Amino acid sequence: MSDSGALRTIVIKESVLDKNRTIARANRQWFDERRCLALNLLSSPGAGKTSLLERTLTDLADSRRMAVIVGDLATDNDARRLNDRGAAIVQINTLDICHLDADMVARACSTLTEVEPEVCFIENVGNMVCPASFDLGEHARVVLLSVTEGEDKPVKYPTLFRTADLVVITKCDIADAVGFDRDAAIRSVRAVCPEADVIEVSARTATGLNAWYDWIEKRRSHAGFGPSPVEHGTQE
Amino acid sequence: MDNVLQMAAEHARAQEATAIHKITMRIGDMSGVSIDALTFAFDVLARDTMAAGAELLIEPVKARCRCKACAAEFTPDSPITTCPGCGAPGATLIEGREIELTSMEVS
């Protein structure tokens, strides 16, 4: 431009998240083309995302091809916990970034082309603030709330809970021991995300896990990916 | 903030500018972005970029909701968006999530 050097105003009006949204859309298309249900799992650190996935990978190993994209600031501890359960595990170390973004997921997906997963779990970085703003291209958001965290977590972190399609209340086996007020927790969920499904589970005792597995199948049908071609418990 | 500076630099370069003097952003009060933290990060991260020393002007955007039950529009008084008219919970946010790079002054 000939006016280079002169002070001038440029009008932009672009969302900082536009680029992320564009990549997220491409990710969703990638999952759609493979008829793979992508679930974004979000919670505070220690709510039990990895424990839930450990059980899930083991229990559904014979009926679904699965993949997990695991986000952590550092270490591959979670990925190692999930290994050897028949699913493809991709670790993302975000280093100093407190959330996964769509580009990180796109790069992880590029390593899954051979696997052709039917369900891809994206285990986000444990954090209830920043991950809420980043669409990863998932079909549904699953927000975990453990009974040790306090019943008012949803109203304290409404930005995240508002986006939940499913709220999983975890560690139900110790609910009584920690004085968990179930009704108050559900009221708190309903105040922020009245339409979300709620499931109560314990990965340790397996309570409620069938409801979680049914929910996954329901979401697969909902996404138009159809019922399982293989019956539960049989080999392909 | 890194993203903002990258976006700003791309736009500036596209206009063949070599320096950014002022950046204006619109930030919704339910965007999850803290304006204090953003301003602090900007001052630090801009140092080694073409936006070094630039002024960051933030235009806050108030949240607006639409009730899913009665369609009333209202300004929520907390992040829990209960409709003041009919009491239905979980109203849809129609404004207040903006994290927008609005304009820049460059040379």
Side-chain angles (χ1 to χ4, degrees), chain A residues 1-23 42 94-99 101-104 127-135 152-165 167 186-196 198, chain B residues 1-34 37-38 57 59 61 63 65 67-69 76 78-83 87-93 96-107:
Chain A
M1 306 267 161
S2 57
D3 58 353
S4 174
L7 189 66
R8 57 204 189 271
T9 300
I10 311 174
V11 176
I12 301 164
K13 290 189 180 171
E14 250 176 50
S15 168
V16 174
L17 296 174
D18 273 355
K19 199 166 163 186
N20 186 73
R21 265 187 222 120
T22 305
I23 302 170
L42 308 112
T94 60
L95 302 176
D96 55 347
I97 300 173
C98 57
H99 56 268
D101 66 29
D103 188 48
M104 297 177 199
N127 175 355
M128 297 199 114
V129 184
C130 313
S133 304
F134 291 84
D135 181 3
D152 59 350
K153 209 85 184 246
V155 291
K156 280 184 168 169
Y157 295 89
T159 312
L160 175 61
F161 277 90
R162 188 179 292 123
T163 66
D165 296 292
V167 175
I186 291 182
R187 265 199 310 278
S188 172
V189 170
R190 289 282 163 251
V192 179
C193 48
E195 284 137 28
V198 180
Chain B
M1 197 65 233
D2 255 344
N3 292 347
V4 178
L5 285 164
Q6 269 174 31
M7 265 175 79
E10 280 166 24
H11 281 282
R13 275 195 293 270
Q15 301 283 327
E16 296 186 8
T18 53
I20 300 170
H21 305 285
K22 182 174 168 184
I23 294 181
T24 305
M25 295 185 71
R26 294 173 76 233
I27 303 290
D29 63 7
M30 290 208 197
S31 64
V33 173
S34 151
L38 187 70
L57 181 72
E59 296 175 357
V61 182
C65 289
C67 177
K68 286 176 192 163
S78 89
I80 303 145
T81 53
T82 303
C83 176
T92 309
L93 265 183
R97 302 195 65 186
E98 296 78 358
I99 310 175
E100 182 193 272
L101 177 56
T102 312
S103 64
M104 304 191 297
E105 273 179 30
V106 299
S107 66

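Order of the sequence lines fixes the chain letters, A, B, ..., with proteins taken first and strands second; residue numbering starts at 1 for each chain. Quick caveat, the model's predicted, so the values are computed rather than measured.
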**Part of residues 21-29 of chain B lying next to chain A, heavy-atom separation under 4.5 Å** =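 Within residues 21-29 of chain B, the residues under 4.5 Å from chain A are B/His21, B/Met25.
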Nearest heavy-atom neighbours spanning [X] and [Y]:
{"X": "A/Thr9", "Y": "B/Ser103", "result": "CG2-CB, 4.4 Å"}
{"X": "A/Ala132", "Y": "B/Arg97", "result": "O-NH2, 4.2 Å"}
{"X": "A/Lys19", "Y": "B/Gln6", "result": "NZ-OE1, 4.4 Å"}
{"X": "A/Pro194", "Y": "B/Gly90", "result": "CD-CA, 3.7 Å"}
{"X": "B/Val4", "Y": "A/Val16", "result": "CG2-CG2, 3.7 Å"}

**Toward chain B, the part of A/Thr159 with a non-hydrogen atom under 4.5 Å** =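 Side chain only.
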**chain B contact via A/Ala191 - which portion, at a heavy-atom distance below 4.5 Å** =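 It is both, since atoms from each part get that close.
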**Message:** Donor-acceptor check, side chain of A/Arg162 to backbone of B/Leu93, threshold 3.5 angstrom: yes or no?
**Reply:**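 Answer holds: no.
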**Request:** State which residues pass ring pair (Phe, Tyr, Trp, His ring centres under 6.0 Å) with B/His11; sequence neighbours excluded, sorted by chain then number.
**Result:**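 Result, ring pair (Phe, Tyr, Trp, His ring centres under 6.0 Å) vs B/His11: none returned.
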Could you tell me the separation between the [atom1] atom of [X] and the [atom2] atom of [Y], rounded to the nearest 0.5 Å?
{"X": "B/Asn3", "Y": "A/Ser15", "atom1": "CG", "atom2": "OG", "answer": "10.0 Å"}
{"X": "A/Glu14", "Y": "B/Thr102", "atom1": "CD", "atom2": "OG1", "answer": "11.0 Å"}
{"X": "A/Asn20", "Y": "B/Ile99", "atom1": "CG", "atom2": "CD1", "answer": "10.0 Å"}
{"X": "B/Leu101", "Y": "A/Ile10", "atom1": "CG", "atom2": "CD1", "answer": "9.0 Å"}

**Item:** Closest-packed option against chain B by number of heavy-atom pairs under 4.5 Å, given A/Leu160, A/Val192, A/Val11, A/Ile12
**Value:**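 Winner by heavy-atom pair count: A/Ile12.
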**Request:** Evaluate whether atom NZ of B/Lys68 has more than 12 neighbouring non-hydrogen atoms of other residues, nucleotides or ligands under 6.0 angstrom away.
**Result:**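 Atom NZ in B/Lys68 is packed in, count exceeds 12.
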**Prompt:** Which bit of B/Met7 is near chain A, if near means a heavy-atom gap under 4.5 Å: side chain, backbone, both or neither?
**Reply:**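 Just its side chain gets close to chain A.
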**Prompt:** Given a strict heavy-atom distance threshold of 4.5 Å, which part of B/Glu98 is in contact with chain A: side chain, backbone, both, or neither?
**Reply:**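 B/Glu98 has no heavy atom closer than 4.5 Å to chain A.
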